[in-house]
4 protein chains.
Amino acid sequence: MRKIGVIGLGHVGATIAYTLVTKGIADELVLIDSKKDKAVAEEYDLRDTLSRLDTFTKIIPQNYAALADADIIITAFGDISAIQLDGDRFGELKHNITAVTEIAQKIKQTGFNGVLINISNPCDVITQLLQQKTGLSTNQVFGTGTFLDTARMQRAVGQALNEDPKNISGYVLGEHGESQFTAWSSVRVKGHPIQDIASARGLDLNDLDQRARRGGWLVFSGKHYTCYAIATCAIKLALAVLSDAHLACPTSVYLESYQHYIGYPSVIGRQGIIEVNKIELTLDEQNRLDSSAKIISTKLASFN
Amino acid sequence: MRKIGVIGLGHVGATIAYTLVTKGIADELVLIDSKKDKAVAEEYDLRDTLSRLDTFTKIIPQNYAALADADIIITAFGDISAIQLDGDRFGELKHNITAVTEIAQKIKQTGFNGVLINISNPCDVITQLLQQKTGLSTNQVFGTGTFLDTARMQRAVGQALNEDPKNISGYVLGEHGESQFTAWSSVRVKGHPIQDIASARGLDLNDLDQRARRGGWLVFSGKHYTCYAIATCAIKLALAVLSDAHLACPTSVYLESYQHYIGYPSVIGRQGIIEVNKIELTLDEQNRLDSSAKIISTKLASFN
Amino acid sequence: MRKIGVIGLGHVGATIAYTLVTKGIADELVLIDSKKDKAVAEEYDLRDTLSRLDTFTKIIPQNYAALADADIIITAFGDISAIQLDGDRFGELKHNITAVTEIAQKIKQTGFNGVLINISNPCDVITQLLQQKTGLSTNQVFGTGTFLDTARMQRAVGQALNEDPKNISGYVLGEHGESQFTAWSSVRVKGHPIQDIASARGLDLNDLDQRARRGGWLVFSGKHYTCYAIATCAIKLALAVLSDAHLACPTSVYLESYQHYIGYPSVIGRQGIIEVNKIELTLDEQNRLDSSAKIISTKLASFN
Amino acid sequence: MRKIGVIGLGHVGATIAYTLVTKGIADELVLIDSKKDKAVAEEYDLRDTLSRLDTFTKIIPQNYAALADADIIITAFGDISAIQLDGDRFGELKHNITAVTEIAQKIKQTGFNGVLINISNPCDVITQLLQQKTGLSTNQVFGTGTFLDTARMQRAVGQALNEDPKNISGYVLGEHGESQFTAWSSVRVKGHPIQDIASARGLDLNDLDQRARRGGWLVFSGKHYTCYAIATCAIKLALAVLSDAHLACPTSVYLESYQHYIGYPSVIGRQGIIEVNKIELTLDEQNRLDSSAKIISTKLASFN
């Protein structure tokens, strides 16, 4: 029996709930929002789908206690209106910093001992705080981090080269925010190093990196939030946990070397983070990762 | 190859697009909105899912010409802010009446000759206008109508009796609006007439009818729109068309007797409406259906 | 986390395993067969699918102990070669009667306390013996019974009337074998009693009952076994258990009145049989059900 | 509307048909076998699933003319009993060489102009003959080739390293037969070259290559055929064609340099083979590929 909780029912959390129900992934689904009528609204909009689906999901609204035996909790709380249009995800921090303490405490009280996947921004900081305040292990807690940004890089590269984005492998690393970067040394197109292709075809990789990032803001400026790609990333991670898939992908993962969470290659399974997948970076990439880590740690320091 | 167009990318249209992509239902998807940046935003939010999905969908934004060889067009335009909180779906009429003429004309110009499924409200009126103005046959055009309301009735009855909503069969008939009603004579619970159960258990059917309706407003008041149940209904209808499933369900269908569209049992297949499924009603139910039809025809008369 | 065991990997059991893996339904799958190399062969044929699927399933071959914490066990053992071509499913009894004792004992030893769904034939007899010998409650154990035969009746009626089989509701009752019968008083076509349609269109219901039955033998004579429809039935029941769906459908269920299992309407959920769905039969139908029950009880008596 | 034909309904063809129906992939499915009663048996076993599925597929048995407007034909004819247990897939050649001429002619007569995916063995030879005899372009015809063998390599490497097989990338090249080989220079584990891991962990790559191959025979010896992995490969290719996915994967593809089909990296889309994905091989690997090609061309020469 698969039991999943979603905390925070904005566009992202609600889309995740919708997908877990309509794809028949969750057998039980706990829905929690700071506004009770929002949780009940989503509950009813989803219950009204059940007679048109071939699967069934039991939906439990606004009940922290029901999370006690959940396999997974996905946190997607936040106030999108707090994001400045300059795109700094730290804009949401003030709002979320209050929320995280309260939510972590409530999760802890339930005795929940599964895996917690955090989406709330700033993702690396909030993931760290959730881990510390719930008392769950660093394996059990991770964030979507640059899994989304990597998807956008795959899309941007695929678009530039007329390729299926799945033909692009490699990683966006660092903070899920402005200091993130594509580790081009890791990127391959149908198995070929992208540098070779870039030289041959005159591709500007810096420009591509910008286009990956711009994609997010294109979405944001057109619909005032983003939800489908991030929800799809979270669903994929949740399935990897449920089935112990040992999925290799970048997430916001706790790195001993930095003593905090950051977007980096990992392997996901039943216990959460099964492994940090150490990769070789160029000196420049390593420097950018260190810089990005510093931005996260500075922010974290201001809360300890 | 399955090609589907969605016109109108509010919460409902966007959810339909998301589902067609993430369930791998559409091979090609044309997305059109009155605001170009909205269409592009949805295009990119969906393109960014593709590297996390096992399926692929080609997404074409803002291109009416691309609808020419589509199998299905789903219309979901409208301005939700125009709905009054008293719940009258005719509140959106003024806005949509302008939109419908323009959209129908553009569809007609493409030479589209597939099936058109309308969601835009007031559903029965807009469906009729779309049929007339596109010049498509009354078989090729139908609306979601009371397919959604029937789902809500199934949910409400299921909830009252602790049953899976799929164990409830039967129909909500009439206008997709305030004059709709549950034809209780058609409703069965696991095969048993609901009247027998209602007598035995002291169920108040009028109250249940209200609760089915209230469910929609519970959703609306908590999230300011409804999207998941209606999107799920539209997807089910689209699949029935694609696969020629001969799905028996209530839709907004053209009835010769009324000379306009209204929520009534139908059968859906490749050609759209395969059959009107005539059912026996009580005298009272027939009167309520006639009254509901009159409301639709009065509204239609004011536009002809 | 969903864990399912399949015991008996003939065509039916193997198809079920394939479906549980390729639809991503099971997170862990225990595969057991009387021949170890068959179980390992299926394990490897399924493991080789995993790099082509978007989901992951852990496959555990030949390990009864691994069933201890399974949610569901599906039993599909049997020797198809023992079925006589006259179609009497009791032909397999001799072989399966030995198997059932051994298998039930091994299941009991694991401490398994989930739901057991039996497919092995003669279905009603084997289901009863499995229930008695595992010591599980009569709720926790049920058989596919006439759920398959009802699907065939729906197909035959649908074919005769050019309808989607899902537009046909109603039940085949009794033994999953020669004495089964369609309870025509329960059958409806898009909500209309079939008797009305039969009169209007000159349909011979006895002939239709034969055609439903003949379908099974058409399959059997052309491919020497049947597997896809029965596997699909079993998967649907398993999903209803996992998600506590309260699915209303005929299964081989324990009826107090007969003191044994027989094909009859039931409701399926997390605990197995949630409810026996008592229906009204005509006098003739009741007599046929009683006769069918007597055939099962006679067979059972010979083993006690 | 998606229309697919399957020619040859042995275990592989039947499993493909079952999957196309139960996953709702095909809207219309044409089933053809050399034995009419086999085709009708599969038709009925599949029709009997339709009342238990949420999707619908129209099934058309034994009708070549119905292939005229199909999107895809999958050929899976063959006589498994002709394979010698030494594992040489050329054992089936004599039987299939007669079949291929007859089947290609019948396909040609329908005017079919879609994509043909061949599974029948010896895969590279039969694919070539099908292309020549149907008169379809070399883009429109390709074989599953080493797509299956690559899946087995991924499984074997994954098993040895306790990794999800999807974490392994790279290619098995050459004939779908005994002369195939893993191009280890192309293989990566979570992005790392396997040679580095092999050195570090003392892995014997030759042994792994054998184990990948042995997996197939483990399946064959335990169940006397293999079906699930190959069917899953074929389904993935068919979906890539339907959705124009530009899927990068090894198939049996026509290489100009050899003037015949052979297992090699390709890109699959609506037109079939969109691109041959040229990769760099070591000198030893190139030699092995040349040798493997010679085996195929020798065999082909004997038929021209």
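Throughout, protein chains are lettered first and strands after them, A, B, ... in sequence-line order, and every chain is numbered starting at 1.
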Most chain A-contacting option - heavy-atom pairs closer than 4.5 Å, from [options]:
{"options": "B:C249, B:A231, B:A151, B:G158", "answer": "B:A151"}
{"options": "B:I168, B:I230, B:V21, B:V219", "answer": "B:V219"}
{"options": "B:L9, B:L53, B:L46", "answer": "B:L53"}

Point to revise | Residue B:A212 versus chain A: region with a heavy atom under 4.5 Å | key: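 For B:A212, there is no contact with chain A at all, as no heavy atom is under 4.5 Å.
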Check your understanding: Given a strict heavy-atom distance threshold of 4.5 Å, which part of B:I235 is in contact with chain A: side chain, backbone, both, or neither?
Key ->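 Nothing of B:I235, per the 4.5 Å heavy-atom cut-off to chain A.
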Indicate yes or no: at least one non-hydrogen side-chain atom of [X] is less than 4.5 angstrom from one of [Y].
{"X": "A:T232", "Y": "B:Y18", "value": "yes"}
{"X": "A:Q159", "Y": "B:R47", "value": "yes"}
{"X": "B:Y228", "Y": "A:E42", "value": "yes"}
{"X": "B:K223", "Y": "A:Y44", "value": "no"}

Exercise for review: Could you list which of residues 28-40 of chain A have a heavy atom closer than 4.5 Å to any heavy atom of chain B, in residue-number order?
Suggested key: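 Within residues 28-40 of chain A, the residues that come under 4.5 Å of chain B (heavy atoms only) are A:D37, A:K38, A:V40.
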Practice item. Please answer whether the main-chain N or O of B:C227 pairs with a side-chain N or O of A:D45 as donor and acceptor at a distance below 3.5 Å. Key: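 Checked: pair present.
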Check your understanding: Hey, does the side chain of A:K166 reach the backbone of B:L50 with a donor-acceptor pair shorter than 3.5 angstrom?
Key ->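 Such a contact is found between A:K166 side chain and B:L50 backbone.
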Exercise for review: Would you mind telling me which of A:C233, A:G216, A:A14 has the largest number of heavy-atom pairs within less than 4.5 Å of chain B?
Suggested key: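 Result: the option with the highest number of such pairs is A:A14.
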Point to revise | Over all atoms of both residues, closest heavy-atom pair of B:P165 and A:F56 | key: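 Heavy-atom minimum between the residues: CD-CE1, 4.2 Å.
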Review point. What are the two closest heavy atoms between B:A229 and A:D48, and how far apart are they?
Key: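 Looking at all heavy atoms of both residues, the closest pair is CB-CB, 3.4 Å.
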Exercise for review: Kindly check if the number of other-residue, nucleotide or ligand heavy atoms within 6.0 Å of NZ (A:K23) is above 12?
Suggested key: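 Correct, the count exceeds 12.
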Check your understanding: Quick one: salt bridge (Lys or Arg N to Asp or Glu O under 4.0 Å) partners of A:R52, sequence neighbours excluded?
Key ->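 Scan of A:R52 (salt bridge (Lys or Arg N to Asp or Glu O under 4.0 Å), adjacent residues dropped) gives none.
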